[in-house]
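Heads up: numbering here begins at 1 and tracks the sequence.
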Amino acid sequence: MAGIKMTYILCYDDHRSFTEDIRKRFSDATRYQVESYHNVQEFMDYCSRDKEKSSCKVAIIGVPDAKEQFEMIEAMTLDIKKLNPLTGLILLVPPDKMDDLKKAVRFNIDAYIPRNSNSILRIHNAVKKLISEQNISIFRKKRNFSFYVLLAFLVLVGLLILIAWLRLPQYF
């Protein structure tokens, strides 16, 4: 399959609580590159750099427990989507703050995942979903290009047959 070669998983984990579990889950170095950041500025600097055009980027943001920092998370998600609109965003949220965060940060989020024992599995499933969506969009572009080439070829053949019929009617 000629889809996405490398997936970059960018973790913003200010308390260093879930990054090691994600590194263990996505341990295949040929398909995944997991980067962890504990500073917002370093995280945003890395997001602004383009690695590969055909690569998939997924940003996993560990949301702090304080409601006062929800505005910072919303600003960070908007900046990430401005830098690269194809970046997938996953928010890892404390279960009791889930509804408050969904009200505060509504747009451009691909998955809200509660922080519990199943969160790593849910993150894995969300990343696989984002990779599949990006592969589908890549193959859709290739399919459309192939269709237009085929259509141009059929029009050209039709024109050649029409010209041959007008110039050489004895063969038809």
In Å, rounded to the nearest 0.5 Å, how long is the span from [atom1] of [X] to [atom2] of [Y]?
X	Y	atom1	atom2	answer
Arg143	Tyr148	CZ	OH	9.5 Å
Leu89	Asp110	CG	CG	6.0 Å
Arg25	Ile9	CZ	CD1	11.0 Å
Ser119	Ile60	OG	CD1	10.0 Å
Ile73	Leu91	CD1	CG	7.0 Å
Arg115	Asp65	CZ	CG	6.0 Å

Identify the two heavy atoms, one from [X] and one from [Y], that lie closest to each other, and give their separation to 0.1 Å.
X	Y	value
Met6	Gln33	SD-N, 4.0 Å
Gln69	Pro64	OE1-CG, 2.6 Å
Gly62	Phe18	CA-CE2, 3.7 Å
Ile61	Met76	CG2-CE, 3.6 Å

(message) According to side-chain contact (heavy atoms from CB on, under 4.5 Å), who are the partners of Asp45, at least two apart in sequence or on a separate chain?
(response)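 Expected list: Gln41.
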(request) Run through Ile90, Thr19, Leu92 and flag the one making a side chain to side chain contact (heavy atoms under 4.5 Å, CB included) with Cys11. (result)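 The passing option is Thr19.
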(request) Can you spot which of Asp79, Ile80, Asn84 makes a side chain to side chain contact (heavy atoms under 4.5 Å, CB included) with Cys47? (result)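 Result for side chain to side chain contact (heavy atoms under 4.5 Å, CB included) with Cys47: Ile80.
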Non-hydrogen side-chain atoms of [X] and [Y] separated by less than 4.5 Å:
X	Y	value
Cys56	Val58	yes
Gln134	Ser55	no
Met72	Val40	yes
Asp21	Phe26	no
Phe70	Val63	yes
Ile113	Val93	no

(request) Could you pull out all residues at least two apart from Tyr37 that satisfy ring pair (Phe, Tyr, Trp, His ring centres under 6.0 Å)? (result)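 So Tyr37 forms a ring pair (Phe, Tyr, Trp, His ring centres under 6.0 Å) with Tyr46.
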Donor-acceptor pairs under 3.5 angstrom involving side-chain atoms of residues 152-170: please list them, not counting sequence neighbours.
none

(message) Quick test of your reading: applying side-chain hydrogen bond (donor to acceptor under 3.5 Å, both in side chains), list the pairs with at least one residue in residues 89-102, sequence neighbours left out, ordered by first then second residue.
(response)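 Sorted pair list: Lys67-Asp100.
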(message) Salt bridge or not between Lys129 and Glu133? Use side-chain N to carboxylate O under 4.0 Å.
(response)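 Result for this pair is yes, salt bridge flagged.
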(message) Can you confirm whether the side chains of Asn108 and Thr77 place a donor and an acceptor under 3.5 Å from each other?
(response)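 The criterion, which ignores hydrogens and geometry beyond distance, is not satisfied for Thr77 and Asn108.
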(request) Return yes if some donor-acceptor pair links the side-chain N/O of Arg31 with the main-chain N/O of Thr7 below 3.5 Å, else return no. (result)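 Flag not set: sc Arg31 to bb Thr7 has no pair under 3.5 Å.
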(request) Give me the other members of the hydrophobic cluster that Val149 sits in, counting Ile, Leu, Val, Met, Phe, Trp and Tyr linked by side-chain heavy atoms under 4.5 Å, directly or via other members. (result)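 Via sub-4.5 Å side-chain contacts, Val149 links to Phe145.
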(message) Side-chain heavy atoms under 4.5 Å apart, restricted to Ile/Leu/Val/Met/Phe/Trp/Tyr: what other residues fall into the cluster of Leu121, or is it alone?
(response)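 So far as hydrophobic clustering goes, Leu121 is joined with none.
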(message) For the aromatic rings, using the six-membered ring if either is Trp, is the centroid distance between Tyr12 and His38 under 6.0 Å?
(response)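 They do not qualify: ring centres at least 6.0 Å apart.
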(message) Please say yes or no: joined through hydrophobic side-chain contacts below 4.5 Å, possibly via intermediate residues, are Leu10 and Leu83 part of one cluster?
(response)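 Both belong to a single hydrophobic cluster.
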(message) Applying side-chain hydrogen bond (donor to acceptor under 3.5 Å, both in side chains) to Asp13 and Ser36, what does each step give before you reach the verdict?
(response) CA-CA 7 Å; Asp13 186 14; Ser36 175; 5.4 Å; no
